[in-house]
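A short write-up of the structure that comes next.
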Protein chains: 2
Amino acid sequence: MREFKRKARILLIDDNADHLRGIKELITLETNYDIAGTTTSANIGINLAKKYHPELIIMDVNMPEKDGLQAIQEIEKLNLDTKILVLSGYDDADLIFRAMKIGAKGYVLKTMASAQLIYAIDEILAGKVYLPSALSSRFFDYFQRSFKEEASASTEENLLTYLTSREEEVLELLTQGNNYKGIAGKLFISETTVKTHVNNIFQKLQVNDRTQAVLYALNNGFGKRIRSKISA
Amino acid sequence: MREFKRKARILLIDDNADHLRGIKELITLETNYDIAGTTTSANIGINLAKKYHPELIIMDVNMPEKDGLQAIQEIEKLNLDTKILVLSGYDDADLIFRAMKIGAKGYVLKTMASAQLIYAIDEILAGKVYLPSALSSRFFDYFQRSFKEEASASTEENLLTYLTSREEEVLELLTQGNNYKGIAGKLFISETTVKTHVNNIFQKLQVNDRTQAVLYALNNGFGKRIRSKISA
DNA sequence: ATTGATTTACATCTTTAGATTGAGAAAACA
DNA sequence: TGTTTTCTCAATCTAAAGATGTAAATCAAT
């Protein structure tokens, strides 16, 4: 068992009052943690979090009144030093992914054994991120699938490779929202020259205007920035 | 038809010949898997993968000749039904993240106990993704940090919220590279109306032209709608 | 030494984009 | 009910963008 300076306080948020009582009892009887509060309302939960800064919040994400994920985001924005464990009825990969993305430190199913929940609480309070093996697997499947398309997209002929280095410079400035004059000024060349480059870029990228050129650039790894287009 | 089970074949790629022998011996003695081949060269490894389609490849990523991650990407592009377990000397979060991103099914440190390696092999061959607890924690920290900026960026006033729903539709079509005529046609309104909307969008987003509007939209989470599939 | 690609530059022309003003109709709101 | 917001459309104007052709200087490679 781990030792803490003081007993960690846990806030429970679950719209099901029975379930709430069950978890409270479980934690009271089987662990050494304190219950900072319990509520069936996400909004009240957020206020309680503000007030008590609990070490951990156990949050049900299947609430009709308010989306649990949204509640998590609001709490995260407060920048309290509070960890959040998601309790959910669904082992949906997308739900797990989104919960972890917005900062949840763990995700446990309601159908899982209570020992699983306690273990997750221990791990999270010890500073780790905890996903049960099955859910972790689901997460990574989803994670890798979401990058699969990107990879295959970069497999197909990337028209950006046909650009000369000067054209790349011009395109970069285009992707920063510059007009002809701005680009000419930054590259110390005439505006007509920029027009020539831009027209050549259009030909090579097979687009009709600068907006499409910029979109093509961004969608094909120009600047190698990691863009999460997971929702699409 | 029943799939007949046979011993899974493992391909080892590690530039350190001694280490290679050690792992081979470990797998031969301690497990029931076959060694499909061993090589100290990433390029030869890729060819062996093409030839034998092993169930698993254990890949060292710390090779001077060729970047292990690059080798993994090349193998992944082949779309063999081959799983890849990364063996690395570094528990660097960025390295772990990139390895998982490009499709590695696991990541184990060389300093870890051999039992850890065997367990990882078992899990991966069983169809799971396996990261040792400590590395999993590192991965999620990195993962969540990489989304933290996005979240904090959307914390500051997002001008997109001032757009009316119609303006959002217009902006969406702008981010798809449409010109006035295209947008007018798709929304069944006149071109002049589109111009009005676009000009209002410019005012609200405080930009001067469509390219800047599109860039603002993309950089501020436009299109990331929250699909909530929660029903009691 | 010649070829080919790149970078630079200009003129001309057509089209599109953007700014501004005004205004009617419908829907939302108080 | 009146008021405000939103959505719609138009005319007009200026500025910017884009298409096309031509061409000179540079430089790498054959």
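Letters A, B, ... mirror the listed sequences (proteins, then strands); counts begin at 1.
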Nucleotide of C:dA19, D:dA17, C:dT7 approaching B:Phe202 most closely (side-chain heavy atoms): C:dA19
Identified side-chain contact (heavy atoms from CB on, under 4.5 Å) partner of B:Leu205 from the options B:Leu215, B:Asn220, B:Leu159, B:Val214: B:Leu159
Under 3.5 Å: donor-acceptor pair, side chain of A:Thr82, backbone of A:Pro54: yes
Steps toward side-chain contact (heavy atoms from CB on, under 4.5 Å) verdict (A:Lys105, B:Gln144): CA-CA 9 Å; A:Lys105 292 293 184 294; B:Gln144 293 186 337; 3.5 Å; yes
Gap between atoms CD and C1', on A:Gln212 and D:dA17 respectively (whole Å): 13 Å
With sequence neighbours excluded, residues passing side chain to side chain donor-acceptor pair (under 3.5 Å) with B:Thr193: B:Ser190
A:Ser165, nearest nucleotide to its side chain (from C:dT7, C:dA17, D:dC7): C:dT7
Residue pairs passing the salt bridge (Lys or Arg N to Asp or Glu O under 4.0 Å) test where at least one lies in residues 81-94 of chain B, sequence neighbours excluded: B:Asp91-B:Arg138, B:Asp94-B:Arg98
Whole angstrom value for the distance that separates P of C:dT6 from OH of A:Tyr162: 13 Å
Any residue meeting side chain to side chain donor-acceptor pair (under 3.5 Å) with B:Lys181, in chain and number order, not counting sequence neighbours: none
Closest nucleotide among C:dA17, C:dT8, D:dA17 to the B:Lys195 side chain: C:dA17
A:Tyr180 side chain near D:dG18 phosphate (N/O to OP1/OP2, under 4.0 Å): yes
B:Arg166 CZ to C:dA27 C1', straight-line distance once rounded to whole Å: 14 Å
Interatomic distance, A:Lys181 NZ vs D:dA17 C1' [rounded to whole Å]: 13 Å
Interatomic distance where CG belongs to A:Leu174 and C1' belongs to D:dA16 [whole Å]: 13 Å
Touch class at under 4.0 angstrom, heavy-atom based, for B:Asn199 against every strand present: base
Distance, rounded to the nearest Å, where B:Asn208 contributes CG and C:dT20 contributes P: 11 Å
Basic-acidic side-chain contact under 4.0 Å: B:Lys77, B:Glu74: no
Test of ring centre spacing under 6.0 Å for B:Phe97 and A:Phe143: yes
Closest listed nucleotide, where the reference is the side chain of B:His197 and the choices are D:dA17, D:dT8, D:dT6: D:dT8
N/O to N/O distances under 3.5 Å, protein versus nucleotides 9-11 of chain C:
from	atom 1	to	atom 2	distance (Å)
C:dA9	OP2	A:Ser190	N	2.8
C:dA9	OP2	A:Thr193	OG1	3.1
C:dA9	O5'	A:Thr193	OG1	3.4
C:dC10	OP2	A:Ser190	OG	3.4

Between D:dC7 (C1') and B:Ile183 (CD1): distance, integer Å: 15 Å
Axis-to-axis angle between the two ends of the helix from C:dA1-D:dT30 to C:dC29-D:dG2 (five base pairs per end, rounded to 10 degrees): 50°
Contacts of A:Lys110 that satisfy salt bridge (charged side-chain N to carboxylate O under 4.0 Å, His left out) - sequence neighbours left out: A:Asp60
Rounded interatomic separation in angstrom, taking CD from B:Gln206 and C1' from C:dG18: 17 Å
